[in-house]
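Heads up, the thing below is written out as structure tokens.
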Amino acid sequence: MGLALCHQHRWDLSPKEAANLQAQLRPLVLVEDALPAEIRAVAGVDVGFEDQGRTTRAAVAVLEFPSLRLTDQAIVRQPTRFPYVPGLLSFRELPALLEALERLNRLPELILVDGHGYAHPRRFGIACHLGVLTGIPTIGVGKTRLVGTHGDLGEERGRWIPLIDREETIGAVVRTRRGVQPVYVSVGHRLSLPTAVDWVLSCAPRYRLPETTRQAHRLASG
DNA sequence: GCGACAG
DNA sequence: ATCTTGTCGC
């Protein structure tokens, strides 16, 4: 609560004001590699809902890298105060997620977010928003597409092709596992797209979704 | 006006 | 996201 992590700006905004704030914060996103030399704590964050959506449950799972062993976790419940609006997901999920991060014993050096980063209509998805507010490198890992188009992706694990929107590469469609739907990876903050893809593949050695995301999802829902 | 639309 | 049973395939 006391950490400068939480009240970076107001959260009680109208959808219109929220979109304006995204445009204002977008220039703060860094899409070049600026990560710590050694990364030993990678976190996954996810949100689930209870009481027909009235309660938001945010979870953070910290895994040691490269063992991918769970070393720390936090779960926070808050009344839901913003509706789901495509393009404004961060205003619905970040308040609870930030409080969960503050409850960790130690902050992670990298965070994989359940949702897009730069692959967003205004190039400021939830992964970018979380990165800018915390200063921690972040990666957006989406299960489905929000914007952008792409060609055919090879079947072999590790293959990836660019996700394009308005003539610009905004992310990558990545095959983390053969025979299943690919995931959509995009830069959140403080790293490049190739680096983001590498990290996602390193964190998803066996299943479609990264272990970080799987653990966070288990805490937020399952 | 019509279709698309992260979680 | 959430509400929910069975079913197909490795």
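Letters A, B, ... are given to chains in the order of the sequence lines, protein chains preceding strands, and every chain is numbered from 1.
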Which whole-number value in Å describes the distance from A:F91 CZ to B:dA6 C1'? 14 Å
Rounded to whole Å, how long is the line connecting atom CZ of A:R122 with atom C1' of B:dA6? 12 Å
Below 4.0 Å: OP1/OP2 of C:dA1 and any side-chain N or O of A:S221: no
Sugar-phosphate only, base, or nothing, as touched by A:G53 at under 4.0 Å among non-hydrogen atoms: nothing
Would you mind classifying the nucleic acid contact of A:G142 as base, sugar-phosphate or nothing, using non-hydrogen atoms under 4.0 angstrom? sugar-phosphate
What is the distance from atom CG of A:L146 to atom OG1 of A:T144, rounded to the nearest 0.5 Å? 8.0 Å
I need the minimum non-hydrogen distance between A:T176 and A:R157, along with the two atoms involved. O-NH1, 3.0 Å
Grab the CG-P distance between A:D51 and C:dC3 for me, whole Å please. 10 Å
Picking from A:P66, A:C203, A:P108, what satisfies side-chain contact (heavy atoms from CB on, under 4.5 Å) with A:V42? A:C203
A:L88 near the nucleic acid: base, sugar-phosphate alone, or nothing, with a heavy-atom cut-off under 4.0 Å? base
CD of A:Q181 versus P of B:dA6: gap in Å, rounded? 15 Å
Any A:Y84 side-chain N or O less than 4.0 Å from OP1/OP2 of B:dA6: yes
Within the structure, does a side-chain N or O atom of A:K143 lie under 4.0 Å from either OP1 or OP2 of B:dA6? no
Taking 4.0 Å as the cut-off, does a side-chain nitrogen or oxygen of A:H217 come that near to OP1 or OP2 on C:dA1? yes
Separation of B:dA6 atom C1' from A:D46 atom CG, nearest Å, is 12 Å
From the set C:dA1, B:dA6, B:dA4, return the single nucleotide nearest to any side-chain atom of A:R145. B:dA4
For A:D114 and A:T213, which I'm curious about, is there any donor-acceptor pair between the side chains at under 3.5 Å? no
If you draw the axis of the six-membered ring of A:F82, does the NZ or CZ of A:R92 fall within 45° of it and under 6.0 Å from the ring centre? no
Whole-Å distance separating the CZ atom of A:R178 from the P atom of C:dG9: 18 Å
Expressed as a whole number of angstroms, how long is the span from A:E50:CD to B:dG7:C1'? 16 Å
Atom CG of A:L163 to atom P of B:dA6: distance rounded to whole Å? 13 Å
